[in-house]
K.L.:
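First the structure, which I've put down as structure tokens, then a few questions once you've had a look.
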Amino acid sequence: MGKQRSVVKHNNNVIGLGLTEKLDRLSSISLIKYLIYASSVIFFFAIIFFPPMVGILRNIGQIGVIYDDPNLLARANLAITQSFIMAFTVAILDLIAALPLAWFIVRSKTRIVNLIDTLVDIPFLIPTAALGYSSLLFWSSQSGISRIFGVESLVPPGFLLVLLLHFTFSYPVIVRVMVGELLNYKEVYEVAARTLGAQPLTAVRTITLPLLKPGIIASFLLAFARSLSETGATVIATGPWENGPVFIYRNVDKEGILVYVSSILILSSTVIFFLISLLAPKLRFPIRRAFPSIERKLSSSRAIKFRDSVTLLAFFLVVVAPSLFIALPMMGALLDGTLNEALSGLDPWNSFWRSMLISYAIGSLSTLLNIAFGLPAAIMIARGKLGRATSILEALVNVPIIVPSIALGVSLRLFWGEYGFLHEFWILLLSHTTITYTYFVESMAAAIESIPLEIEEVASTLGAKPFTIFRRITFPLTKYSVFSGAVLVFTRALGETGAAKAVARTKEFSTLPVLLVDWVVNKKATPSQSALGIGLYVISSFIILLIFRLLTRGKK
Amino acid sequence: MPSIKLVNVTKRYGNIVAIKNLSLTVNDGEYLCVLGPTGSGKTTLLKLIAGIIKPDEGEIYIDNKLVNNLPPQERNVAYVPQQYALFPHLRVIDNVAFGPLSKGFSRDEAYKISMQMLEMTRLAWRANSFPHELSGGMQQRLALARGLASGAKILLLDEPLGALDARLRVELRYKLREIAEENNLTTIHVTHDQEEAMVVADRIVILRNGEIQQEGPPPQVYNEPKNIFVAHFVGEANFFEGFVAETDLHGSWIQLRNGFILRVNETNKNVGERVVVMIREEKTRIIKRVRRKEEINLFPGTIREISLLGDFISYSILLDNGDRVNSRIPTIMGMGRFRVGEKVYVRLKPEDLRVYPYPPQGLYQELEVI
């Protein structure tokens, strides 16, 4: 018995060796290497970068029609302005609120830190469209907090509700980034400042924050981009108020005005992004003065307790409660027979299940595409394989996330729509790949960059061929980043409403978030059905994330 | 009067005890060197005094005032960490002015003091540079200037010269000492470089695994090491394993490996006890021929290696019983006297030999420095 097993094992080894040897030999041929890198560059330009640019440019002639309807034009311009006002407000609020919480998570020694740390991820795990509905019910409906205050609607749909909602879904991301920055920060500077006589607050204000500036700017831009781009949830919470994505959502058939709004959004968001990333580093913190007595008082343990309580209260009220509120109506829907109806697959549930299938198919396929073509691109960026052109490639890779995804979707529809033979499903897939590409490549590039180049160099002097280096060194060290990058892509693809709405021409190919937003906004389903549909959506994405967590457990 | 006193201080990190029931007094104006291998608790000791970490047990006094619960900004000590922690976003002058400004000095006053400190450390001409534009030695001086500008009279230096190249390290030692004296500072200087400690310190404390092994003025620590570890860590020494064979009124006979017999002057060990005998390398003599056969403590061996160390030549000799011995001879006296492979005798004078009990975990374990 034992003998047999060892024979089998032996055979496997031989087969395995044969294959890796073959791949090793292939990977040593420079032509093969160039082919792999070249194909990923071609993929980037042909699928990710040019389609949205060309789609808009080719149809720029249609812009003329906007003058036919001055009212619509005025509405469009207002919507674009509102987009940026909202994004700025949200990003500023995020920073103000996220810093104390991140601080609390990193520095506090109390036991609830672990709980808070887990709760922070919740809004991150719930697809934004579901979050939108949950917030709407929590703030605006009689089933939510309004009843406690005895008013019909505490926060009616409109600017304020959208602001609260955008805060809810962007806040966790910012906290995560800030926590990471704080963990990387060398506390020795702060410690040195304090031994020199600085009060804790003085040390933070004059030393820690200025040194964290790059991270703060990055968080600001992230929150800004998230707010600018979000469509599904915004449409649910918006009421009469309108920003760019909502305007596009509501006028998805009027091609001329869409080209106008989309091109303005794409152009202005790109310009604003580069302006902020160029100018913000020049901003100076007020660091030349100290106020020992005031800052001593503000550093007292009582002041810190007060700050922590306010932060945690705001966190629970504005982030945790509205995110989890959906659980209540969903429970109701489980008990009132809606579940049986859903399982029977009768109308409207047949389209629900179909959309779910489409969403998952698109999520997994776009993840695979991004891994296959994004990984070589990430290696190229991390290792500077393109020489000086590397930084240009990196800047271009970032474009898909700084542009509002629905505007990108409009452009992609115009581009791919030209090719009549392309089935709608493939257009959806390509669009989702485009909007998620950056997430994978950027996170992988960061992971690969963190491996010292010397390790790979040593491996090659020890006789390892490029493929072996990848298989034995680079991949094992970045395996978990590949997984988490894949999760990021998958959840983003699953949660995307804007681009999916803009691209889909027929109801037949609605992704799940598009269908659910349609249910809620256009009252295509009863509240009970909406609650259950959104609940199932949330639960299924939770399950996927859980599976990934289990697969990648024990390691970061 | 800036004095420092630690009473029965213990600090743990999880299961690791970094400082074990340690008591220590540093007098006003004293320059104390804490010497110990990596992981001996040196940095922890400094951080405890600076107030960056709190002791689990015991008390810390500064100027006879209990400071256990005083945060670092209230302690008025200048802590200079190993990598200096110069604020990278501030110019040289702003780095120095940070302390006075934080303590509420007016801008004019703060910058006046800072300029004085920069002049003292000969950095005034670089006042507007950023720290990363300075050389290693300048960064070191800047860290010092910054610490002193806050008006602290206690200076805590964590491996202050560790990041500098060898020559600069030697030059700056004296400068440190000079600055401490000129400003009447009480200084604790942590290092793992025994030569550095011997040169600058009024008093040396040898730390190992969070415990003080020995403390005293440098000559005392060097000449009368209390245990094998101190003997090995401070200066260069040879060790022999053996048993006490016989003891009389004036000394003892130690049985070494393979029948060699060694005479020592100490009588405080019991017959049959396992011991380690130590002799400094520079006291280990080599001679070519034996004149009188009856002479004691003369052992035959062969020269195996010769290394020139600058002022000294180090000879490595394999004794015929299998023990290895190193001997240091001033270069002007020893150059070219012996060749590799030459048969010689090693003479170990009884008055130069010290006897220690054999360490329970073995000699090599005991000598392990890191």
Side-chain angles (χ1 to χ4, degrees), chain A residues 106-111 181-182 184-218 279-305, chain B residues 43 46-54 69-91 93-107 110-111 113-114 117 131 142-152 154-158:
Chain A
V106 174
R107 298 282 176 88
S108 171
K109 289 176 181 74
T110 52
R111 237 176 285 158
E181 291 288 326
L182 276 175
N184 283 334
Y185 169 67
K186 284 191 203 141
E187 230 178 311
V188 64
Y189 293 124
E190 210 176 295
V191 165
R194 291 186 60 192
T195 63
L196 293 171
Q199 296 298 329
L201 181 66
T202 319
V204 168
R205 180 172 60 81
T206 58
I207 303 296
T208 310
L209 288 185
L211 290 176
L212 288 179
K213 195 156 74 173
I216 293 175
I217 294 170
L279 296 181
K282 300 214 161 67
L283 276 179
R284 290 198 159 256
F285 283 80
I287 53 175
R288 293 271 180 141
R289 294 194 60 185
F291 313 93
S293 58
I294 304 173
E295 289 182 314
R296 183 201 304 257
K297 266 180 209 141
L298 288 174
S299 303
S300 71
S301 61
R302 205 197 285 168
I304 288 169
K305 250 178 214 150
Chain B
T43 300
L46 284 195
K47 287 186 171 175
L48 283 166
I49 297 168
I52 298 158
I53 50 176
K54 285 185 180 178
N69 289 315
L70 210 59
Q73 65 269 22
E74 314 287 348
R75 289 199 186 189
N76 208 19
V77 297
Y79 167 61
V80 180
Q82 207 166 357
Q83 302 298 329
Y84 315 140
L86 299 169
F87 305 132
H89 61 306
L90 300 181
R91 291 175 193 280
I93 183 81
D94 297 320
N95 259 283
V96 182
F98 183 89
L101 283 175
S102 292
K103 290 191 169 165
F105 285 53
S106 74
R107 281 182 66 83
Y111 280 88
I113 296 171
S114 305
M117 290 300 152
L142 172 56
L144 205 60
R146 185 181 68 174
L148 297 179
S150 64
I154 290 177
L155 187 58
L156 305 175
L157 304 168
D158 192 354

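Per chain, numbering begins at 1; letters A, B, ... match sequence-line order. When reading the values below, keep in mind they use all heavy atoms of this one structure, side chains included, and skip hydrogens, waters and symmetry mates.
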K.L.:
Distance check, rounded to the nearest 0.5 Å: B:Leu101 atom CG versus A:Thr202 atom OG1?
P.N.:
10.5 Å
K.L.:
Going by the rule salt bridge (Lys or Arg N to Asp or Glu O under 4.0 Å), which residues pair with B:Asp94 if we only count those two or more places apart in sequence or in a different chain?
P.N.:
A:Arg288
K.L.:
Can you pull out the residues in residues 190-198 of chain A with any heavy atom less than 4.5 Å from chain B?
P.N.:
A:Val191, A:Ala192, A:Ala193, A:Arg194, A:Thr195, A:Leu196, A:Gly197, A:Ala198
K.L.:
If you count heavy-atom pairs under 4.5 Å with chain A, which of B:Gly51, B:Ser150, B:Ser102, B:Ala110 comes out on top?
P.N.:
B:Ser102
K.L.:
Can you list the residues that meet the salt bridge (Lys or Arg N to Asp or Glu O under 4.0 Å) rule with A:Glu295, with sequence neighbours excluded?
P.N.:
A:Arg205
K.L.:
For B:Gln82, is the CD atom crowded, meaning more than 12 foreign heavy atoms sit under 6.0 Å from it?
P.N.:
yes
K.L.:
Restricting to side-chain contact (heavy atoms from CB on, under 4.5 Å), what partner residues turn up for B:Glu74, sequence neighbours left out?
P.N.:
A:Gln199, A:Arg296, B:Leu70, B:Pro71
K.L.:
Nearest 0.5 Å, please: how far is CZ in B:Phe98 from CD1 in A:Ile207?
P.N.:
4.0 Å
K.L.:
Would you mind telling me which of B:Ala78, B:Pro81, B:Pro88 has the largest number of heavy-atom pairs within less than 4.5 Å of chain A?
P.N.:
B:Pro88
K.L.:
Under 4.5 Å, counting heavy-atom pairs only, tell me which of B:Tyr84, B:Phe87, B:Phe105 racks up the most with chain A.
P.N.:
B:Phe87
K.L.:
Using a 6.0 Å cut-off, check whether atom NZ of B:Lys47 has over 12 heavy atoms from anything other than its own residue.
P.N.:
no
K.L.:
For B:Arg146, is it the side chain, the backbone, both or neither that has a heavy atom under 4.5 Å from a heavy atom of chain A?
P.N.:
both
K.L.:
With only heavy atoms counted, which part of B:Leu86 is less than 4.5 Å from chain A, the side chain, the backbone, both or neither?
P.N.:
backbone
